There are 2 protein chains.
Amino acid sequence: MTEQAATPATEEYLAVIYRLSRQAEPVPLALLAEQLGISPISANEMVRKLARAEMVTYRPYEGVTLTEAGRQRAEVMVRRHRLWERLLTDVLGLPWDAVHAEAGRLEHATSDLLERHLAQYLEQPSTCPHGNPIPGQPQRLEGARALSSLATGERGRVLAVVNEDAALLRALGQAGLVPGAELEVVAAEPALGSLAVRVGDRHVALALAAAAQIMVGAPEGQGS
Amino acid sequence: MTEQAATPATEEYLAVIYRLSRQAEPVPLALLAEQLGISPISANEMVRKLARAEMVTYRPYEGVTLTEAGRQRAEVMVRRHRLWERLLTDVLGLPWDAVHAEAGRLEHATSDLLERHLAQYLEQPSTCPHGNPIPGQPQRLEGARALSSLATGERGRVLAVVNEDAALLRALGQAGLVPGAELEVVAAEPALGSLAVRVGDRHVALALAAAAQIMVGAPEGQGS
DNA sequence: TAAAATATTTAGGTATACCTTAATTATAGC
DNA sequence: GCTATAATTAAGGTATACCTAAATATTTTA
């Protein structure tokens with residue numbers, strides 16, 4: 001019913017490092033500072049504090065890596081975050097591009113007891129509404145590739161949107177690029193930094209930077 | 001989607017002052033400090049800061065009163081608090097003596113958008129699980145009396161438990177003294193500081209201090 | 001390899017919200 | 001009316017988590 005861990009700020013750092021670790025390991029300080037919306041100097045201070053507490057290891061000019069203790073704490077926060085996202089969309093009906101910010105606040109106000117009841121009510125979901133895995137549940141992703149790495153003619157199914165930026169999510173939702181959507185790459189133009197895909201009978205053009213945030217698996221009937 | 005107001009600490013003070021105002025007006029500083037679990041000196045500091053912000057008026061040696069602006073802000077917080085209590089008990093199934101503490105954290109992490117969706121999903125409830133009114137919804141209490149003021153032989157129906165202390169709520173729940181329960185005062189002993197009531201076919205003895213926290217209305221079929 | 005561009009660290013500062021100790025009130029009992 | 005009790009204020013301190021400016025490293029690149 002209580003929180004064993006440090007402060008909301010500490011929790012937030014660990015959670016963000018955890019998420020960014022999937023894209024870059026170790027996580028560069030500049031990226032971390034940008035994601036948290038604070039100055040690199042402040043990020044540096046906090047990271048050194050976290051290193052002293054043995055939640056992360058920090059190598060200057062390289063980046064930050066979670067220790068085992070840090071990873072465990074981060075997973076608790078990410079789990080709570082994504083459970084809230086599920087409740088907010090599936091039960092309370094908030095739009096999928098709004099729930100990341102909401103859950104970002106609620107996760108720090110969530111006790112063990114509440115987490116258990118949330119997970120039970122939602123029937124132990126394995127992903128958030130954006131398709132990202134909920135730690136502590138059995139996972140079956142793997143074999144996922146970034147949409148930006150597909151060649152012309154390749155087909156796939158959207159598994160997750162890694163970056164939960166609201167503007168990006170809103171646009172993807174309108175384009176039908178949501179978890180479960182079947183797609184085919186119509187034209188990949190790495191040199192032009194752009195990609196055209198067909199989603200159902202709709203055609204969508206998107207920047208490679210955006211496509212890099214979308215994880216794709218095998219199309220239906222070809223499960224890995 | 002955003003919070004216009006100050007800090008969580010400020011919100012917490014206003015909400016507690018709002019709740020205590022029902023029992024004592026103006027609210028004595030000592031009571032406020034005790035409820036918040038902080039020293040009277042710190043409470044004094046914060047109250048003077050709130051007075052400077054024109055959220056309360058403070059008369060030394062008397063107590064604190066909310067201004068119109070303070071009352072409005074407090075009602076938002078109390079509304080969010082009690083909406084969460086409803087969701088936590090009715091939907092997620094947490095015990096009624098645990099939800100006050102949980103909601104006390106969640107209320108500060110709740111946006112306007114989320115509040116609207118909560119209220120809509122819960123179908124605009126008018127009371128929290130303990131029977132206390134949710135501001136912003138049509139109310140129909142009035143005419144309620146403290147159980148401690150009833151004489152031997154008087155009957156009534158529990159409307160609300162004003163004090164949401166977990167230990168008290170747990171005991172009342174076991175005794176069946178929950179909102180809606182019909183009761184009869186079997187023996188009122190003001191001089192002994194105790195009261196005996198019948199709830200259904202159970203008999204319960206409780207201290208006057210506890211009985212003072214229970215609001216009672218007319219028994220069934222005698223609606224005011 | 002040296003200069004330019006980046007990153008990091010040091011130093012000093014801010015605001016919030018607590019705290020304790022000590023001095024100064026005011027209220028209430030006698 | 002005076003004194004004991006209690007409440008209030010003043011003064012100074014702590015921790016957190018930010019900030020900017022300036023100094024110092026380290027990479028990168030030309």
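Atoms considered below: every heavy atom in the structure, side chains included; atoms not considered: hydrogens, waters and symmetry mates. This is a predicted model, so every value here is computed, not measured. Just so it is clear: chains get the letters A, B, ... in the order the sequence lines come, proteins before strands, and each one is counted from 1.
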Rounding to an integer number of Å, can you tell me how far [X] [atom1] sits from [N] [atom2]?
X       : N      : atom1 : atom2 : answer
B:Glu62 : D:dT9  : CD    : P     : 12 Å
B:Ile38 : D:dA7  : CD1   : C1'   : 15 Å
B:Leu31 : D:dT8  : CG    : C1'   : 17 Å
A:Met46 : D:dT16 : CE    : P     : 9 Å
B:Arg59 : D:dA7  : CZ    : P     : 18 Å
A:Leu29 : D:dT26 : CG    : P     : 15 Å
B:Leu36 : C:dT16 : CG    : C1'   : 16 Å

- Taking for each residue the nucleotide of DNA chain D with the nearest heavy atom, is it A:Ala43 or B:Glu45 whose nucleotide lies nearer the 5' end?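 In this pair, the answer is B:Glu45.
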
- Message: Within a 6.0 Å radius of atom CD on B:Glu123, are there more than 12 heavy atoms belonging to other residues, nucleotides or ligands?
- Response: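 Atom CD in B:Glu123 is not packed in, count stays at 12 or less.
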
Between [X] and [N], is there a contact of a side-chain N or O with OP1 or OP2 at under 4.0 Å?
X       : N      : result
A:Arg48 : D:dA17 : no
A:Tyr61 : D:dT24 : no
B:Tyr58 : D:dA7  : no
A:Tyr13 : D:dA17 : no
B:Asn44 : D:dT8  : no
A:Ser39 : D:dC18 : no

Does the distance from a Lys or Arg side-chain N to an Asp or Glu carboxylate O, for [X] and [Y], drop under 4.0 Å?
X        : Y        : answer
B:Glu102 : B:Arg105 : yes
A:Arg82  : A:Glu85  : no
A:Glu45  : A:Lys49  : no

- Query: Counting side-chain heavy atoms from CB outward, which of C:dT9, D:dA17, D:dC18 is closest to A:Lys49?
  - Reply: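 Within the option list, the nearest is D:dA17.
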
- Which nucleotide in the list D:dT26, C:dT27, D:dT20 gets nearest to the side chain of A:Ile41?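 Minimum distance to the A:Ile41 side chain belongs to D:dT20.
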
- Is any side-chain heavy atom of B:Tyr121 less than 4.5 Å from a side-chain heavy atom of B:Leu83?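 In short, these two side chains do not touch, never coming nearer than 4.5 Å.
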
